[in-house]
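Numbering of ligands and ligand atoms starts at 1, following listing order.
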Amino acid sequence: MDLLLNEEQRMLASSLRAFVEQELRPHEAAVDRAGEVPLELGRQIVKRALEMGFYAPNIPESVGGAGLDSVSLAVLEREFGRTSFGLHGFVHRPSEILMACEGEQIERYLRPCVRAERKEFFALTEPGAGSDIMSMQTRAVRDGGDWIVNGSKHFISAPCAADFAIVFAVTGTDETPRGARKRVTAFLIDAGTPGFTITRGPRCAAQRAYPTFQLSFDDVRVPANQILGEEGKGLELAERWLKMGRVWVAAGCCGRAERLLELATEWAATRKQFGQAIGKFQGTSFKLADMATELRAADLMVMHAARKADAGTMQPEDAAMAKLFAAEMVGRVADNAIQIFGGMGLMEDLPVERLWRDARLDRIWDGTSEIQRHIISRSLLRPLGA
Ligand SMILES: Cc1cc2nc3c(=O)[nH]c(=O)nc-3n(C[C@H](O)[C@H](O)[C@H](O)COP(=O)(O)OP(=O)(O)OC[C@H]3O[C@@H](n4cnc5c(N)ncnc54)[C@H](O)[C@@H]3O)c2cc1C
């Protein structure tokens with residue numbers, strides 16, 4: 001990795017490594033057991049991230065963010081991937097689509113998120129609309145100068161209940177060369193708006209300290225000036241966020257895989273059976289070799305996508321390939337790590353089982369592996385008219 005980074009990015013990586021190891025990692029087992037991060041600890045993490053200058057790392061300096069380039073952001077996500085996402089989540093990376101805020105939305109939503117005064121939910125998924133987002137049922141209907149929103153969202157995650165939600169809702173139908181298509185608009189809806197309820201979702205096996213919420217909208221009245229971006233352009237906005245999000249998930253997978261590899265290597269070097277370290281058995285050492293090799297490949301794919309993002313040339317398939325490969329890679333690495341640890345690997349006393357559970361989510365969120373394969377294959381076939 002070092003070879004691919006400039007001096008500033010190397011320094012960022014080492015200060016993040018120290019922060020994660022000294023200030024976050026000691027809490028990861030407890031927050032996983034509790035299923036949440038205590039608010040006081042969350043506040044402490046926010047304060048340190050602000051002091052160290054990597055809060056809102058993805059938001060341009062012109063609006064108060066840290067303004068990191070994509071390679072630096074990948075470095076940051078990789079380092080945070082070495083610990084619980086619940087703890088990482090307090091070092092908030094606001095949805096980049098908030099950059100579409102205009103007029104008074106900037107002071108009301110964007111800047112407070114950058115200053116750590118407010119947090120948002122990114123609310124796209126619904127009980128009946130996961131991978132197939134066009135089956136979305138949440139609707140908004142115009143009523144004078146307002147919109148009335150009805151519907152529900154689930155699996156909406158955040159380190160704790162957020163202050164407002166970016167909600168995607170159907171606002172009509174567009175005719176396109178491929179037939180009729182739902183018109184989707186993004187709305188900014190404050191918690192506490194009458195008819196908008198937020199409830200805690202079911203307990204998840206992975207990233208337990210990063211809860212999900214269910215949002216429901218029952219005749220929620222939203223003024224038209226709370227549309228984010230243009231009416232009918234919500235999906236383009238969502239796609240912008242999801243595309244970069246996939247690179248960050250891939251970078252996090254590399255961090256998780258690196259930690260698993262370190263743990264497994266140390267175990268293989270010290271655990272003795274049949275009178276010798278188990279790492280001397282080829283059944284173990286070759287697993288380590290494969291884990292290290294796959295991790296290297298994933299790191300290179302993440303850097304490739306991040307560098308293209310910085311050059312303004314990243315395509316959806318670059319992000320999809322990095323996410324697909326890295327998420328599948330960390331799954332294999334985690335499984336091998338458990339095998340190398342034997343029974344101890346499944347015990348809650350050690351971090352391996354937690355990392356193994358956490359890694360399982362990477363193949364699902366921000367688009368499943370199958371959806372990434374659709375994006376990649378479409379990029380191959382579409383130019384040929386197929
Ligand atoms: C912990 C967690 C946090 C989340 N956070 C958020 C959030 O903050 N905001 C948000 O909007 N969403 C969030 N999500 C939702 C997440 O993005 C979805 O879970 C994901 O997109 C998959 O949707 P689904 O779970 O409904 O699965 P489904 O879409 O029902 O898929 C089920 C299976 O069918 C497969 N499948 C579906 N369609 C196809 C196809 N065309 N071809 C091949 N296979 C297919 C899938 O790959 C998968 O294997 C979160 C999810 C989790 C678990």
Would you please indicate if the ring centroids of F213 and F155 are separated by under 6.0 Å? no
Would I156 count as a polar contact of ligand 1, with the cut-off being nitrogen or oxygen pairs under 3.5 Å? no
Starting from atom 20 (C) of ligand 1, which protein heavy atom do you reach first, and at what distance in Å? I364 O, 3.6 Å
Side chain, backbone, both or neither: which applies to D132 and ligand 1 if a contact is any heavy-atom pair less than 4.0 Å apart? neither
Heavy atom to atom 44 (N) of ligand 1, shortest distance: which of E370, K153, R360 holds it? E370
Nearest heavy-atom pair of R118 and D190: which atoms, and what distance? NH2-OD1, 2.8 Å
To atom 23 (O) of ligand 1, the nearest of G130, A129, A205, P211 on a heavy-atom basis is G130
Got the closest protein heavy atom to atom 2 (C) of ligand 1, with its distance? T212 CG2, 3.8 Å
Please give me the minimum heavy-atom distance between E28 and S84, naming the atom from each residue. OE1-N, 4.0 Å
Ignoring angles and geometry beyond distance, decide whether H154 reaches within less than 3.5 Å of ligand 1 through its nitrogen or oxygen atoms. no
Could you go through R183 and D174, starting from their C-alpha distance and side-chain angles, then the distance that decides it, and tell me whether this counts as salt bridge (Lys or Arg N to Asp or Glu O under 4.0 Å)? CA-CA 6 Å; R183 198 174 160 78; D174 284 328; 2.8 Å; yes
Per-residue contact class, H374 against ligand 1 - non-hydrogen pairs under 4.0 Å: side chain
Determine the interplanar angle of the H88 and F80 rings, folded into 0 to 90°, and report it as parallel if under 30°, tilted if 30 to 60°, perpendicular if over 60°. parallel
Test F164 against Y109 for ring pair (Phe, Tyr, Trp, His ring centres under 6.0 Å), laying out the working first. CA-CA 8 Å; F164 69 95; Y109 298 102; 4.7 Å; yes
Please list, in number order, the atoms of ligand 1 under 4.0 Å from a heavy atom of L124. 11 (O)
Taking distance alone, with no angle check, do F122 and ligand 1 share an N/O pair under 3.5 Å? yes
Got more than 12 heavy atoms from elsewhere within 6.0 Å of CZ, R181? no
Would you say the rings of F122 and F168 are close, in the sense that their centroids are separated by under 6.0 Å? yes
Sub-4.0 Å atoms of ligand 1 with respect to non-hydrogen atoms of S131: 23 (O), 28 (P), 29 (O), 31 (O), 37 (C), 38 (N)
Joint cluster assignment, I340 & W356, ILVMFWY side-chain distance < 4.5 Å: yes
Give the single entry among T125, D366, L361, L215 that approaches atom 12 (N) of ligand 1 most closely by any heavy atom. T125
Return the closest protein heavy atom for atom 50 (C) of ligand 1 as residue, atom name and distance. F155 O, 3.2 Å
In terms of ring plane angle, is the pair Y55 and H92 parallel, tilted or perpendicular, where the classes change at 30° and 60°? tilted
Quick one: look at T368 and ligand 1, take heavy-atom pairs under 4.0 Å, and tell me if it's side chain, backbone, both or neither. side chain
Is it true that K287 and D335 have a side-chain N and a carboxylate O under 4.0 angstrom from each other? no
At what distance is the nearest protein heavy atom to atom 3 (C) of ligand 1, and which residue and atom is it? S157 OG, 3.5 Å
Does the protein place a non-hydrogen atom closer than 4.0 angstrom to atom 40 (C) of ligand 1? yes
As a test of the contact definition, would atom 35 (C) of ligand 1 count as having a protein heavy-atom neighbour under 4.0 Å? no
Determine if the distance from atom 30 (O) of ligand 1 to the closest protein heavy atom is below 4.0 Å. no
